[in-house]
Protein chains: 2
Amino acid sequence: MLSHLKSLQALELAVRLGSLKQAADALSITPAAVGQRVKALEDYLGLDLLERGRSGLRPSQSLSVALAHLNTAFRELDAAATALDLQRGHEIHVAAPSDFAELWLAPRLGRFTALHPNTRFSINGEGDAPIRIGPVDCEISFGPPRDEPEYDILFRDYVLPISSPENTRRIAALGRRERLEGFPLLHLDFYRNDPAAPAWPAWIKAQKLKRTAPERGIRFQRITMVVEAVLADAGLTLCGLALISALVEDKRLSLPFPKSTGAWTSHAFQSRFRKDTLARPQMRRFRDWLVAECAETRLWLSRMAG
Amino acid sequence: MLSHLKSLQALELAVRLGSLKQAADALSITPAAVGQRVKALEDYLGLDLLERGRSGLRPSQSLSVALAHLNTAFRELDAAATALDLQRGHEIHVAAPSDFAELWLAPRLGRFTALHPNTRFSINGEGDAPIRIGPVDCEISFGPPRDEPEYDILFRDYVLPISSPENTRRIAALGRRERLEGFPLLHLDFYRNDPAAPAWPAWIKAQKLKRTAPERGIRFQRITMVVEAVLADAGLTLCGLALISALVEDKRLSLPFPKSTGAWTSHAFQSRFRKDTLARPQMRRFRDWLVAECAETRLWLSRMAG
DNA sequence: GCCCAGGCTAAAGCTTTTCTTTAGTACCGC
DNA sequence: GCGGTACTAAAGAAAAGCTTTAGCCTGGGC
């Protein structure tokens, strides 16, 4: 029966693309591996299949008689793969809060795809799954921690006041109890379902500060938007650090009050992979990577919270 | 890039032949292995590809859209395999003395092909290679032992008088020194280049027997032919036991004189595999099997020789 | 002519895939 | 109801396949 399928595939691709290197890139394996595939077939047949020449690879005479068949065969297999959506296995569909996707996941995904080229991501808002085969692979949410086995707790958040560096300096120049007077308070609704996450009125009371009408101010649904307002000196907000570590680290965002004035959320970001989806090696790799990146974020948060 | 080639092959074959069992037979693997291949693809895609029904397997609706492409693809791959002589790897070409082939190898090959179906043999006389790709895979000869690594010493031979049971009884009824008078001596040239292998004159002198004109009698080139003559009561011959063990064991050939009257050859049957050909797993298996069968023949010869 | 970069190859070792075996289930025909 | 055949799941062993390292070869540029 027909054997050496991988060798034939490597061979056909090497000839079509003109080099073992380009075939390797297409197959996401090393050139050495492509060379081994081709050589194994040559050893098995006891003849040369490629002429390694001056301007790359060319099929040998022995191979030429089979090459048209090979081209057609792999073209048809590509068509079958397309029909079956075989590449689906290399795609990872993630539904996540858009704040998480934009501020935390997207900046980091380059590290994953550098390790695993050939992976394509489709990232959508929560509940915003495309009409494709089956539901999304990975769903990330912020809510009460679940302990079912398919959930991974990514990280809780540490919420405290955030401002622009300019506003931080101006606040520091004031007396302690008057520090919030004269600065607009921006309200972020992202954490409102979390009993542990403070809103301005509770925070001000807890810190024994003075601020008239603390419940007043613009409300924002999304962290991304309130962050933009803060960056524009529009005011202060209470915000979790987890998603904005990059902005804090490069000092585009600043902490106008001591770190100890913050509070951990009781809710957490968590992921849920569909049970069957972890049969795919690419998906297991992604999950492992995600868990590792989140461990780093937890570490950074612990250092920030003191 | 295209993956799951083995799964797609198993899938296409299972649908085409109507069962996992028949696909397994065609692929020379177990039905369990075929089932695993198909299931791996189904898990990967997150959908069913086969309907396991009352009258065998049918493609699911998901698979139907790809099936024509798969059929064409594997038909083209079969054509490419034919053009490349890919099945060549499952063929083993042996050049051996026809006596060895007929009396020793052919009766035993059934044991090999029972273990390794899908292997086809092409056995020719020594030096009688077909005009095919490259020389023969395995060459067996009888000659001075070689110690180059590509040679395996199969077995030496143990040469002594051989007759039909009827002639053995008639010889035993005679007096000791007259036992060869009246019986035609048949001469076998197979061992004539071996200084240790006795011919009739030397054997008679060594045994201190009496026989007028011991050099007279019909000469045979081939063991097979002289054996047929002996079986027909045409006379006695001096012959090695190695290739005729079956005839001796079922008593169609007999030893008219004690076993101790025999002599080991200094030459030996030996095999030589072309260096590169042992890259093929089928060839390694054949070589291992051959060496093991020959070890059994050596053991039998040792018991016969005392 | 020399040097550097890119491509290929061989070998070793590790990881992943694939297969066999065992045991069990389901279905069909008698 | 029983026996036979086909399929499936799980465990473990064997084989295949890949990466990494080191080295060689070729071609182009200086």
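No experiment lies behind these values; they were computed from the predicted model shown. Chain A is the first sequence line, chain B the second, and so forth, proteins listed ahead of strands; every chain is numbered from 1.
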For atom [atom1] of [X] and atom [atom2] of [N], their distance in whole Å:
{"X": "L41(B)", "N": "dT18(C)", "atom1": "CG", "atom2": "P", "answer": "11 Å"}
{"X": "E51(A)", "N": "dT26(D)", "atom1": "CD", "atom2": "P", "answer": "15 Å"}
{"X": "L27(A)", "N": "dC18(D)", "atom1": "CG", "atom2": "P", "answer": "8 Å"}
{"X": "L8(A)", "N": "dG17(D)", "atom1": "CG", "atom2": "P", "answer": "11 Å"}
{"X": "L17(A)", "N": "dC8(C)", "atom1": "CG", "atom2": "C1'", "answer": "16 Å"}
{"X": "L5(B)", "N": "dG17(D)", "atom1": "CG", "atom2": "C1'", "answer": "13 Å"}
{"X": "Q9(B)", "N": "dT17(C)", "atom1": "CD", "atom2": "P", "answer": "18 Å"}
{"X": "I29(A)", "N": "dT19(D)", "atom1": "CD1", "atom2": "P", "answer": "6 Å"}

Side chains of [X] and [Y]: does their closest heavy-atom pair fall under 4.5 Å?
{"X": "D25(B)", "Y": "L27(B)", "value": "no"}
{"X": "P97(B)", "Y": "I140(B)", "value": "yes"}
{"X": "F286(B)", "Y": "L109(B)", "value": "yes"}

Would you say [X] reaches [N]'s phosphate, i.e. side-chain N/O to OP1/OP2 under 4.0 Å?
{"X": "R37(A)", "N": "dA16(D)", "result": "no"}
{"X": "T30(A)", "N": "dT19(D)", "result": "yes"}
{"X": "K6(A)", "N": "dT17(C)", "result": "no"}

### Task
For E42(B) and L49(B), indicate whether the former's side chain and the latter's backbone hold a donor-acceptor pair under 3.5 Å.
yes

### Task
Would you classify A40(B) as touching base, sugar-phosphate or nothing, given that sugar-phosphate means primed atoms plus P, OP1 and OP2, and contacts are heavy atoms under 4.0 Å?
nothing

Would you tabulate the pairs of protein nitrogen or oxygen atoms and nucleotide nitrogen or oxygen atoms of nucleotides 5-7 of chain D closer than 3.5 angstrom?
unit_1	atom_1	unit_2	atom_2	d
dC7(D)	OP1	L20(B)	N	3.0
dC7(D)	OP2	K21(B)	N	2.8

Distance-only donor-acceptor hits, side chain of residues 69-77 of chain A, under 3.5 Å, sequence neighbours excluded:
unit_1	atom_1	unit_2	atom_2	d
H69(A)	ND1	E76(B)	OE1	2.9
N71(A)	ND2	E12(A)	OE2	2.8
T72(A)	OG1	A68(A)	O	3.0
E76(A)	OE1	H69(B)	ND1	3.0

### Query
Atom CZ in R287(A), atom CG in L290(A): separation rounded to 0.5 Å?
9.5 Å

### Message
For dT20(C), does the base pair up with any side-chain atom of Q36(B) as donor and acceptor (N or O, under 3.5 Å, distance only)?
### Response
yes

## Note on the structure
With the side chain defined as heavy atoms from C-beta on, K39(A) is closest, among dC19(C), dA10(C), dA9(D), to dA10(C)

### Query
What's the verdict on side-chain contact (heavy atoms from CB on, under 4.5 Å) for W289(A) and R108(A), showing C-alpha distance, side-chain angles and the deciding distance?
CA-CA 10 Å; W289(A) 172 87; R108(A) 287 167 172 77; 4.0 Å; yes

